[in-house]
Participant: 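Questions regarding the structure given below will be posed in turn.
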Protein chains: 2
Amino acid sequence: MSQPDTVGRILDAAEVLFAERGFTETSLRTITSTAGVNLAAVNYHFGSKKELIQAVFERFLTPFTEHLDSELSRRASQDDDLQVDDLLQSLYSVALAGLAKDGRDPKRFMRLLGLAYTQSQGHMRRFIVLRYGSTYRRFAGLLRQALPGIDPVTFYWRLYFMLGATIFSLSSFDAIEAILREDFGAESSLEETLARLAPAATALLTGPK
Amino acid sequence: MSQPDTVGRILDAAEVLFAERGFTETSLRTITSTAGVNLAAVNYHFGSKKELIQAVFERFLTPFTEHLDSELSRRASQDDDLQVDDLLQSLYSVALAGLAKDGRDPKRFMRLLGLAYTQSQGHMRRFIVLRYGSTYRRFAGLLRQALPGIDPVTFYWRLYFMLGATIFSLSSFDAIEAILREDFGAESSLEETLARLAPAATALLTGPK
DNA sequence: CACTAATTTAAACGCTTGTTTAACCCACGA
DNA sequence: TCGTGGGTTAAACAAGCGTTTAAATTAGTG
């Protein structure tokens, strides 16, 4: 890997370590020493540990939501009656391609997303909803259009079930994959797993009341 | 609440605080002061913080798996061709009734279960699998029998999708419920949500390839 | 080159953490 | 009644934490 500037090196190290161990379990000293920078650099460039965590999320969520937004616009312009499959396909392909293109691991982002929802008493969840809520609402709106006649409360619960299935299983991807490999000798790639997840999530959303 | 012995008071306090904040974010001093016992009591009775965490899980997972085991036996004896719905119904009713009967909150256990899978680098997940794996395998086996013709890898991925949807959404129940209440004014109980989750999970498992 | 602002550095700050120690209390059996 | 052992207690321990300081260094500009 090339040697980026201090800010970039800190973000690179923090991203990996946070995903591996969680936020509170990762100290600034561990981050700065693996990044090869001085301990005080975090507070100098980011202000605090909390703001560093937010910066890590912004660095991958901002391009992700931008890609998703333009992908949704692209799909909507060429087909004004989007199906559930189309929308999930957009979501997953953006998650896979958009994030992996600079050599970073898409699984890592799923893991971070999972942590954001469970750790730090929901601080990160609120930050993400506040910062990226508009794209989320746009996606949810399109998905709801593709499920005519569904009552709103049922729809939103199913949306959360779907998000849960996605975030939980993909953020534990390595652990699950290891178990299946040991039991069945079958290696699973992330692409394969998303190809399994897409129809399952569609069934979850469209299933009978 | 009555005043149980020191061990019980520590477990009661730890259970609530861990579920609220996570394991590393909860200090032994917070636990012992809310329990009204001396700080050193944790190390005296449990040995270490790690062993306290395990004890918290054992106290609710042991009766849970026992209830689930006997419920599965009861169902199997009166109907030897169990459907997916039946099995999920067993799982959810045991989670709901079996745990709530001593006045404790079932949501709390879902939250702890979710934390066990995401925090502490999988230590707890391994502990749970090791300690309660047999009941898990029994349930998985029955579920697979109810899904004839499914290939094993697809089945197990879908099982994890289902677990993800369940654990993730129920462990964030309060947060999700608050959002839906604000947006639609519709209060949701845990029973209601499980009644929504059951058919969605069935669709997820039985859906087309 | 000289001056200034930005960055890096080593060291220390105050605080919290999990754990251990040793004195102490008190019930119970000889 | 004495003594023994399980339980409780206050106090201290060493280690780690995020953050701050002030000096040293580097980079950029007139």
Participant: For a quick test of reading the model, state the closest non-hydrogen atom pair linking B/Arg158 to B/Gly207 and the distance between them.
Facilitator: NH1-O, 2.8 Å
Participant: What's the CG-P distance between A/Leu39 and D/dT20, to the nearest Å?
Facilitator: 12 Å
Participant: Without placing hydrogens or testing angles, list every side-chain donor-acceptor pair under 3.5 Å for residues 175-182 of chain B, not counting sequence neighbours.
Facilitator:
residue  : atom : partner  : partner atom : Å
B/Glu177 : OE1  : B/Arg181 : NE           : 3.1
B/Glu177 : OE1  : B/Arg181 : NH2          : 2.9
B/Glu177 : OE2  : B/Ser188 : N            : 2.8

Participant: If I take atom NZ in residue A/Lys49 and atom P in nucleotide D/dT19, what distance separates them, rounded to the nearest angstrom?
Facilitator: 8 Å
Participant: Rounded off to whole Å, could you give me the CG-to-P distance for the B/Asn43 and D/dT8 pair?
Facilitator: 14 Å
Participant: Tell me which residues in residues 13-38 of chain B lie within less than 4.0 Å of DNA chain D, going by non-hydrogen atoms.
Facilitator: B/Arg29, B/Asn38
Participant: Run the salt-bridge test on A/Glu15 and A/Arg59 with the 4.0 Å N-O cut-off and return the result as yes or no.
Facilitator: yes
Participant: Please list residues of residues 52-59 of chain A whose heavy atoms come under 4.0 Å from any atom in DNA chain D, ordered by number; otherwise none.
Facilitator: none
Participant: Can you pull out every salt bridge (Lys or Arg N to Asp or Glu O under 4.0 Å) where at least one residue sits in residues 183-193 of chain A? Sequence neighbours excluded, please.
Facilitator: A/Glu192-A/Arg196
Participant: To the nearest angstrom, how far is B/Lys50 atom NZ from C/dT17 atom C1'?
Facilitator: 17 Å
Participant: Regarding A/Asp69 and A/Thr135, do their side chains bring together a donor and an acceptor under 3.5 Å, going by distance alone?
Facilitator: yes
Participant: Donor-acceptor pair, distance only, cut-off 3.5 Å: does the side chain of B/Arg9 make one with the backbone of B/Ala35?
Facilitator: yes
Participant: What pair of heavy atoms forms the shortest contact from A/Leu52 to A/Ile10, and how long is it?
Facilitator: CD1-CG2, 3.8 Å
Participant: Expressed in angstrom and rounded to an integer, what is the separation of A/Phe46 atom CZ from D/dG18 atom P?
Facilitator: 15 Å
Participant: Tell me which of B/Ala40 and A/Gly47 sits closer to the 5' end of DNA chain D, going by the nucleotide each one is nearest to.
Facilitator: B/Ala40
Participant: If the condition is ring-ring contact (aromatic ring centres under 6.0 Å, His included), which residues does B/Phe60 pass it with, not counting sequence neighbours?
Facilitator: B/Phe57, B/Phe109
Participant: Report the distance from atom CZ of A/Arg9 to atom P of C/dT8, rounded to the nearest whole Å.
Facilitator: 10 Å
Participant: Output every pair passing ring pair (Phe, Tyr, Trp, His ring centres under 6.0 Å) with a member in residues 117-138 of chain B, not counting sequence neighbours, ordered by first then second residue.
Facilitator: A/Phe168-B/Tyr117
Participant: Does A/His45 have a side-chain nitrogen or oxygen under 4.0 Å from the phosphate oxygens OP1 or OP2 of C/dT8?
Facilitator: yes
Participant: Can you tell which of D/dT8, C/dT20, C/dT9 lies closest to the side chain of B/Thr6?
Facilitator: D/dT8
Participant: Given atom OH of B/Tyr44 and atom C1' of C/dC25, what is their separation to the nearest angstrom?
Facilitator: 13 Å
